[in-house]
Chemist: 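Handing you a structure now.
In each ligand, atom 1 is the first atom listed, and ligand 1 is the first ligand listed. Computed from a predicted model, the values in this text were never measured in an experiment.
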Amino acid sequence: MKNIKYYLKKAQKEGFAIGQFNFSDFTQMKGVVNKGAELKSPIILGTSEGESNFFGLEEAVALRNVLRKKMGVPIFLNLDHGKTFEYLKKAIDAGYDMVHFDGSKLPLEENIKITKQVIKYARRKGVTVEGEIGMIGNDASRLYSEKFEIKEENLTNPAEAAEYVKKTKVDLLAVSIGNFHGIEISGIDPNLRLDLLKEIRIATGETALVLHGGSGTPEDDIRGAIKIGIQKININTELRLAFSGNLRRALTDAEVIVPYKFLADALKAVEGVTGRKIELFGSASKV
Ligand code: 13P
């Protein structure tokens, strides 16, 4: 199997993005992988610290291995928004393919220092590292009932991004260009700052760029961002809503007690969201 760096380069050359789909339950994991295999798309499975604490780091790695072999599709496992070197080290030791160090709330020098520490450890094990510059709005992936305000000072500063990638030599960089975790109640989030993304693209050279908070983002913005140079897009809230909404409906009848029956629609819903994102990102038939 080719590694994630191969697919990121391919994405850059051919103008598509690879989806990172978060999960904390096996039905979600299975739904994402089923669709990836059907559409012959490389897949990144993501777990935050919370999601991986619930699921288990070793369990996630073991099931990635099983699904990789059984489904014959490149599946990569990423530790999303790791806040400390210690937690990322655990994920690397467990066998994750990629780790994301989120030092965005730290002063730049401190962010650079810890990123370098993560990279030094990750390189020895062949693990790919994502860093972050600029603060991506809202920590949790969920539906928001109020309009979300993007603060100008939280957007990625191109000069800082340039300094960060030059000093750390990070493989991927997460950017803040008006994206945020979760979805506004209207279902469609505000537009991305594609003008800023262009500046960041120029400032960061060949570094793969990552768009977090992909749920609810207008589809034209996603297409525009990929054209400018986003190679990885993270999706969580839309998967959570599809999964929980179907489960809630299936469980309204108190006589429904068979998990493989009441989870069937939730599985299909996760497959549906994943399929639509793979088509939008252009990663189908790229394996
Ligand atoms: P959404 O929940 O908005 O899709 O964001 C997911 C994400 O960025 C995970 O890192």
Chemist: Should the ring pair Phe21 and Phe281 be called parallel, tilted or perpendicular, given that the plane angle runs from 0 to 90° and is split at 30 and 60?
Modeler: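 Taking Phe281 first and then Phe21, their aromatic rings lie parallel (interplane angle under 30°).
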
Chemist: Counting each atom of ligand 1 from 1 as listed, which ones have a heavy atom of Gly214 under 4.0 Å away?
Modeler: 3 (O), 4 (O), 5 (O)

Chemist: To the nearest 0.5 Å, what is the distance between NZ on Lys227 and NZ on Lys198?
Modeler: 10.0 Å

Chemist: Quick one: does Asn234 get an N or O within less than 3.5 Å of an N or O on ligand 1?
Modeler: yes

Chemist: Which ligand 1 atoms are under 4.0 Å away from a heavy-atom of His212?
Modeler: 8 (O), 10 (O)

Chemist: Would you call Lys83-Glu49 a salt bridge at under 4.0 Å N-O?
Modeler: no

Chemist: Here's a test for you: under side-chain contact (heavy atoms from CB on, under 4.5 Å), which of Thr47, Leu45, Leu88 qualifies with Tyr96?
Modeler: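 So the option named by the test is Thr47.
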
Chemist: Ligand 1 versus His81, non-hydrogen atoms closer than 4.0 Å: side chain, backbone, both, neither?
Modeler: side chain

Chemist: May I ask you to say whether Arg193 pairs ionically with Glu152, meaning some side-chain N is under 4.0 Å from a carboxylate O?
Modeler: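 Salt bridge flag = yes for Glu152 with Arg193.
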
Chemist: Are Glu130 and Lys232 ion-paired here, with the side-chain N under 4.0 Å from a carboxylate O?
Modeler: yes

Chemist: Who's closest to atom 5 (O) of ligand 1 heavy-atom-wise, of Gly216, Gly213, Gly46, Ser215?
Modeler: Gly213

Chemist: Which residue and atom name correspond to the protein heavy atom nearest atom 9 (C) of ligand 1, and how close is it?
Modeler: Asp80 OD2, 3.1 Å

Chemist: Closer than 4.0 Å to some heavy atom of Ile235 - which atoms of ligand 1 meet that?
Modeler: 4 (O)

Chemist: Under 4.0 Å from a heavy atom of Phe180: give me the atoms of ligand 1 that qualify, with their elements.
Modeler: 3 (O)

Chemist: Considering only heavy atoms, which of Leu211, Asn236, Thr237 lies nearest to atom 6 (C) of ligand 1?
Modeler: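 It is Asn236 whose heavy atom sits nearest to atom 6 (C) of ligand 1.
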
Chemist: Which protein non-hydrogen atom lies closest to atom 3 (O) of ligand 1, naming both residue and atom, and how far is it?
Modeler: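 Residue, atom and distance for the closest contact: Gly182 N, 2.9 Å.
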
Chemist: Under a 4.0 Å N-O cut-off, is there an ion pair linking Asp93 with Lys90?
Modeler: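 Lys90 and Asp93: not salt-bridged.
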
